[in-house]
Every structure is written in C-alpha cells, then in structure tokens.
Amino acid sequence: MAKHNEIGEMGEEIAANWLRRKGLTLVERNYNKKCGEIDIVARETSGKVHFIEVKTVSYETMSDLERAVSHKTWRPEENVHAYKQKKLKNTISIWLDERKYFGDFVIDIVAIRLVPREKYGKINFIENVIFE
C-alpha cells in the first residue's frame, strides 16, 4: 500500500474514534460510488446525519508540524477543492436517495495533521461546511 494511502487510513481511523468520543454514531465508512466517496457517515442522537470528509497530512517530526502551523503553510482542509466538493455532493445525493433519508444533514471536514513516528495528531473539525 502506498504511503499516502496508509496516512489516509490512519487519519480516517483517528477521525472515527474522535467522532465517537464526541457522541456521534458511525453509520458507514468509505461509502463508494462511481462518482465519489464519503469517508464517514455519522449520526447524532437527534438523528441529524453528518457526511464527513477526512483530510490528513503527515510530518516527520513535531517541530516540522509546529513550523507548518506557525507559518500557516498548506492545511489539509484546503484539499477539499471545487472538484472534490462536486463529487462529494453527488455521492451524498445518491446516499440520501438510496436510504430515502429526508432528515437534517450537514457536511463536515475533519482535517488532521499527524506525526506518526511520535504518535501525535492535531484535529481541526470544520462543522457544517457550505459548498457553493
């Protein structure tokens, strides 16, 4: 498996555990259709569904991560660009249709910066993203 795939899987597992601790119930992971993928589908106790896009970037050392944060260099959430948004919206539409779900839902981004060697991660949860 390619290194970036390993980092992505690690990020999704961290996000899933973090979401559970926040009280969300995971409904589905890696929902795949021809037009795209939803990383995580979760539900609040109220029934509201969260479609979650997970973006992960890794650093070799803690100081590399701190330098990137302090210099405001590239952030993982910036990779949810217009093309990705379109694919995500299409995939969500299919999910909603297949399940005949008509309730409330939101789209969230979980951006994770990892230092795998030091078993450290920093999470930025961006809730209720509005795509144009």
Side-chain angles (χ1 to χ4, degrees):
M1 179 182 295
K3 180 83 169 161
H4 71 277
N5 289 339
E6 288 177 27
I7 296 299
E9 283 185 18
M10 196 181 306
E12 285 183 20
E13 191 60 34
I14 290 167
N17 290 332
W18 186 84
L19 292 162
R20 281 188 203 99
R21 285 193 304 274
K22 292 294 180 189
L24 288 138
T25 300
L26 271 55
V27 174
E28 216 162 329
R29 288 182 62 180
N30 301 89
Y31 174 80
N32 252 313
K33 289 295 174 187
K34 201 175 227 178
C35 60
E37 177 187 27
I38 303 168
D39 293 327
I40 299 173
V41 181
R43 188 181 309 266
E44 293 180 18
T45 54
S46 68
K48 181 191 286 184
V49 170
H50 290 252
F51 297 103
I52 301 159
E53 177 66 21
V54 180
K55 290 297 181 190
T56 309
V57 65
S58 68
Y59 299 89
E60 288 296 314
T61 66
M62 188 77 84
S63 62
D64 289 343
L65 183 147
E66 289 170 359
R67 188 173 22 264
V69 170
S70 68
H71 289 98
K72 298 182 181 171
T73 59
W74 183 78
R75 302 173 309 148
E77 57 270 31
E78 291 172 353
N79 207 29
V80 185
H81 44 71
Y83 180 68
K84 177 64 180 171
Q85 292 172 23
K86 180 180 178 185
K87 289 173 57 171
L88 187 56
K89 284 192 289 189
N90 291 339
T91 310
I92 289 169
S93 292
I94 294 169
W95 190 95
L96 294 168
D97 187 52
E98 283 182 354
R99 282 147 185 82
K100 310 270 187 273
Y101 180 80
F102 300 102
D104 290 336
F105 70 89
V106 293
I107 302 170
D108 306 323
I109 299 172
V110 176
I112 302 173
R113 294 173 182 251
L114 287 179
V115 183
R117 193 178 328 160
E118 298 178 33
K119 294 185 176 21
Y120 177 82
K122 188 174 182 77
I123 294 174
N124 183 19
F125 180 61
I126 307 165
E127 191 172 12
N128 199 15
V129 177
I130 306 294
F131 296 146
E132 296 183 26

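Quick note: numbers below take in every heavy atom, side chains included, and nothing from hydrogens, waters or symmetry partners.
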Closest heavy-atom pair and its distance - [X], [Y]:
| X | Y | result |
| --- | --- | --- |
| G11 | I112 | O-CD1, 3.1 Å |
| P116 | Y59 | CD-O, 3.6 Å |
| L114 | G121 | CD2-CA, 3.9 Å |
| G8 | T56 | O-OG1, 4.5 Å |

When you compare the side chain of [Y] with that of [X], does any pair of heavy atoms fall below 4.5 Å?
| X | Y | answer |
| --- | --- | --- |
| V41 | L26 | no |
| K22 | F125 | no |
| V27 | V49 | no |
| R43 | K48 | no |

query = Which is it for H50 and E44 under the side chain to side chain contact (heavy atoms under 4.5 Å, CB included) test, yes or no, and what are the steps along the way?
reply = CA-CA 8 Å; H50 290 252; E44 293 180 18; 2.7 Å; yes
message = Test side chain to side chain contact (heavy atoms under 4.5 Å, CB included) on V115 and S58; report intermediate values, then the result.
response = CA-CA 6 Å; V115 183; S58 68; over 6 Å; no
task = Examine V106 and L88 and state if one hydrophobic cluster contains both, with Ile, Leu, Val, Met, Phe, Trp and Tyr joined whenever side-chain heavy atoms are less than 4.5 Å apart.
result = no
Side-chain ([X]) to main-chain ([Y]) donor-acceptor, under 3.5 angstrom:
| X | Y | value |
| --- | --- | --- |
| N17 | E13 | yes |
| D108 | N128 | yes |
| D39 | V54 | yes |

Atom pair [atom1] ([X]) and [atom2] ([Y]), whose distance is rounded to the nearest 0.5 Å:
| X | Y | atom1 | atom2 | result |
| --- | --- | --- | --- | --- |
| E127 | I107 | CD | CD1 | 12.5 Å |
| I123 | R113 | CD1 | CZ | 13.0 Å |
| I126 | K55 | CD1 | NZ | 12.0 Å |
| I40 | I38 | CD1 | CD1 | 11.0 Å |
| I92 | K87 | CD1 | NZ | 13.0 Å |
| I14 | K122 | CD1 | NZ | 13.5 Å |

Pair D64-T61, side-chain hydrogen bond (donor to acceptor under 3.5 Å, both in side chains): steps then yes or no = CA-CA 5 Å; D64 289 343; T61 66; 3.3 Å; yes
message = Quick test of your reading of the model: are R29 and E9 salt-bridged, counting only N-O distances below 4.0 Å?
response = no
request  = Name the orientation class of the two ring planes belonging to F105 and F51 (parallel below 30°, tilted from 30 to 60°, perpendicular beyond 60°).
outcome  = perpendicular
task = Would you check, one step at a time, whether the test side chain to side chain contact (heavy atoms under 4.5 Å, CB included) holds for N30 with E12?
result = CA-CA 9 Å; N30 301 89; E12 285 183 20; 3.1 Å; yes
message = Walk me through whether E37 and T91 qualify under side chain to side chain contact (heavy atoms under 4.5 Å, CB included).
response = CA-CA 6 Å; E37 177 187 27; T91 310; 5.8 Å; no
